[in-house]
Amino acid sequence: MSIDRFGRNIDYLRISLTDKCNLRCVYCMPEDITFRPRAELLQDEEIDRLVHVFAELGFHKFRLTGGEPTVRANVVDIVGRIARTPGVKTVAMTTNGLMLNKLAQPLAEAGLQRVNVSIDTLDPEKFKKVTRWGQVEDVWAGIDAAETAGLGVKLNAVVVRNYNDKEDVVDLARLTLYQPWQVRFIEMMPFGDVADFQQAGIVSQEALMATITAALGPLTDVHDGCLDGEAQIYQLEDALGMIGFISSVTQPFCASCTRARLTADGRLRLCLLREKEVDLMTPLRNGASNDQLKAIIEEGIWWKPWGHKLGEEVIPLNRVMSEIGG
Ligand code: SAM
Ligand code: SF4
């Protein structure tokens, strides 16, 4: 077990497979972003090795993210090896869905169990605007393919003021009436260069719930205020699916946080919203043993921070979201 100094058992690792992406969502990365050279990223065998080490430390839930994880070469093989690692119980992925049409079936066969697909609006024009060139039909084709392949599907929408916080939120929430999906509304988080835009665009959960309730009727709290992972879960009357709210900035869920992140360049990021990281790449490439790597990880986990400091204007500037893996 990996326990931090607050007694939290950290057993969930999100791995950013790449900082690269086939979209450029406005709240995530600048259009002219420069990606890291391939040699600076964890290589396949380095990921395998770290997954073994983390699994031996009691981590059993792994989520692959990015950047866009499906643009990583060999993603299917990587998933297969993670799924076969002793101690690993769950392998999930967060993706923009564009490549799922082609990859959902092989990923499911390799051992992937669930996908969270990002879709901020059902409106093709707005989708193109926020992603800078994406086609929403491609995401739908990916969602269909994921369902056909037997993957569990959740939908993620980042809400941005004056962009998708009204009718788009209602359209997305309406999907849960007919589909057994969890549609999750994510509060925008400030990072790096785009922090001002992000902070200006935050929409409160209260405002979103009011918009949904006015259009679609009352929302019932499904877990009596308890979190499902990081989300507060509600349901519309007679709905097949659920609606989740992830409000990391205004309602942080630090007490129930069980996660750590591995960045594409091999740093252990202990909190999404804090800059503190532990370098695993250097010891890995300098020949550290598994026991030495474990000791470095355990020490890092022990110092996992509690709470963000956005209220004190301390914004994580060292990376944009796509480098950390949301
Ligand atoms: N490319 C994949 C995708 O879009 O799902 C995986 C990586 S993306 C960084 C992971 C999640 O973070 C997505 O749901 C995305 O919408 C969300 N995200 C990106 N930038 C964000 C921000 N500034 N605040 C909150 N969520 C953000
Ligand atoms: Fe790419 Fe995902 Fe970031 Fe959009 S949110 S630019 S799809 S990494």
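Bear in mind the structure is a predicted one, so any value in this text is a computation, not a measurement.
- The shortest side-chain heavy-atom distance between Asn116 and Thr65 does not fall under the 4.5 Å cut-off.
- Shown here for Ser247 and Gln205, the closest heavy-atom pair between the two residues is OG-OE1, 2.8 Å.
- Under the 4.0 Å criterion applied to side-chain N and carboxylate O atoms, Asp44 and Arg72 are assigned as salt-bridge partners.
- The side-chain heavy atoms of Met29 and Phe35, taken from C-beta on, include a pair separated by under 4.5 Å.
- Pairing each heavy atom of Ala146 with each of Val153, the nearest pair is CB-CG2, 3.9 Å.
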Can Met188 and Arg161 be said to form a side chain to side chain contact (heavy atoms under 4.5 Å, CB included), step by step?
-> CA-CA 10 Å; Met188 230 184 354; Arg161 180 180 302 287; over 6 Å; no

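- Side-chain contact between Leu103 and Val76 is present, with heavy atoms from C-beta onward closer than 4.5 Å.
- Using a distance-only test at 3.5 Å, with no hydrogens or angles considered, a donor-acceptor pair links the side chain of Lys304 to the main chain of Arg259.
- No continuous path of ILVMFWY side-chain contacts below 4.5 Å connects Val71 to Val79, so the two sit in separate hydrophobic clusters.
- Asn22 approaches Trp133 most closely through the heavy-atom pair O-NE1, 2.7 Å.
- With respect to the salt-bridge test (charged N to carboxylate O, under 4.0 angstrom), the residues Glu230 and Arg14 qualify.
- Surrounding CD of Glu137 are more than 12 heavy atoms belonging to other residues, nucleotides or ligands, all under 6.0 Å away.
- Although no hydrogens or angles enter the test, the distance criterion places no donor-acceptor pair under 3.5 Å between the side chain of Arg269 and the main chain of Leu262.
- There is no path of hydrophobic side-chain contacts, each under 4.5 Å, that joins Tyr12 to Phe62.
- Note that CD1 of Ile3 is 4.0 Å distant from CG of Asn9, once rounded to the nearest 0.5 Å.
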Candidate pair Asp123 and Val136, rule side chain to side chain contact (heavy atoms under 4.5 Å, CB included), full reasoning = CA-CA 8 Å; Asp123 179 321; Val136 76; over 6 Å; no

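- Interatomic distance, Thr131 OG1 to Gln135 CD, rounded to the nearest 0.5 Å: 8.5 Å.
- By the salt bridge (Lys or Arg N to Asp or Glu O under 4.0 Å) test, Lys126 pairs with Glu167, Asp168, sequence neighbours left out.
- Remark: Arg84 pairs with no residue by the salt bridge (Lys or Arg N to Asp or Glu O under 4.0 Å) rule, at least two apart or across chains.
- With contacts defined as side-chain heavy-atom distances shorter than 4.5 Å, the pair Leu280/Val53 does not qualify.
- In summary, the side chains of Trp181 and Glu147 do present a donor paired with an acceptor at a separation below 3.5 Å, with no hydrogens or angles considered.
- Of all heavy-atom pairs between Val160 and Tyr27, the closest is CG2-CD2, 4.0 Å.
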Report the C-alpha separation of Leu284 and Leu42 in whole Å, then their side-chain angles, then the decisive distance to 0.1 Å, and conclude whether the side chain to side chain contact (heavy atoms under 4.5 Å, CB included) test is met.
-> CA-CA 10 Å; Leu284 189 64; Leu42 286 168; 4.0 Å; yes

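- The backbone N or O of Ile82 sits less than 3.5 Å from a side-chain atom of Thr85, completing a donor-acceptor pair.
- Between Phe245 and Tyr234, the angle of the ring planes goes over 60°, which puts this pair in the perpendicular group of the 30/60° scheme.
- Remark: side-chain polar atoms of Gln43 are paired, donor with acceptor, to backbone N or O of Leu41 under 3.5 angstrom.
- At least one side-chain heavy atom of Leu122 sits less than 4.5 Å from a side-chain heavy atom of Leu175.
- Crowding of Glu40 atom CD: a count of heavy atoms from other residues, nucleotides or ligands under 6.0 Å exceeding 12.
- With no hydrogens or angles considered, no side-chain donor-acceptor pair links Tyr163 and Asp120 at under 3.5 Å.
- Listed by chain and residue number, Glu109, Ala149 satisfy the side chain to side chain contact (heavy atoms under 4.5 Å, CB included) test with Gln105 (two or more places apart in sequence, or in another chain).
- The two residues Asn96 and Cys21 have their closest heavy-atom pair at ND2-SG, 3.8 Å.
- With hydrogens and angles ignored, the 3.5 Å screen pairs a side-chain donor or acceptor of Asn164 with a backbone N or O of Val158.
- Proximity of Val169 to Val203: side-chain heavy atoms (C-beta onward) are nowhere separated by under 4.5 Å.
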Given the rule in the side chain to side chain contact (heavy atoms under 4.5 Å, CB included) test, do Arg49 and Asn290 qualify, once you have shown the distances and angles that lead to the verdict?
-> CA-CA 8 Å; Arg49 170 112 185 269; Asn290 282 4; 2.7 Å; yes

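- Arg38 CZ: 12 or fewer foreign heavy atoms inside a 6.0 Å radius.
- Between the side chain of Lys61 and the backbone N or O of Thr90, no donor-acceptor pair lies under 3.5 Å.
- Both Val183 and Tyr178 belong to a common hydrophobic cluster when Ile, Leu, Val, Met, Phe, Trp and Tyr are linked at side-chain heavy-atom distances under 4.5 angstrom.
- One distance of note links NE2 of His52 with CD1 of Ile47; it measures 13.5 Å at 0.5 Å rounding.
- With hydrogens and angles ignored, the 3.5 Å screen pairs no side-chain donor or acceptor of Asn74 with any backbone N or O of Ile78.
- No side-chain donor-acceptor contact under 3.5 Å links Arg174 to the backbone of Ala215.
- Counting only heavy atoms from C-beta outward, the side chains of Asn101 and Asp138 never approach each other to under 4.5 Å.
- The distance from the CG atom of Leu50 to the CG atom of Leu293 is 6.5 Å, given to the nearest 0.5 Å.
- Between the side chain of Gln113 and the backbone N or O of Val91 there is at least one donor-acceptor pair closer than 3.5 Å.
- From Leu100, atom CG reaches atom OG1 of Thr148 across 11.0 Å, with rounding to the nearest 0.5 Å.
- Counting only N and O atoms by type, the side chains of Thr95 and Glu68 include a donor and acceptor under 3.5 Å apart.
- Rounding to the nearest 0.5 angstrom, the gap separating the CD1 atom in Ile119 from the CG atom in Leu155 is 6.5 Å.
- Enclosure of atom CH2 in Trp303 is not indicated, since only 12 or fewer non-hydrogen atoms of other residues, nucleotides or ligands lie within 6.0 angstrom.
- Two residues are said to be in side-chain contact when any heavy atoms from C-beta on lie closer than 4.5 Å; Asp165 and Thr211 fail this criterion.
- Checked by atom type, the side-chain pair Asp265/Thr263 shows a donor-acceptor distance below 3.5 Å.
- No donor-acceptor pair closer than 3.5 Å links the side chain of Arg24 to the backbone N or O of Arg132.
- Heavy atoms only, all atoms of each residue included: Gly67 and Ser16 are closest at N-OG, 4.4 Å.
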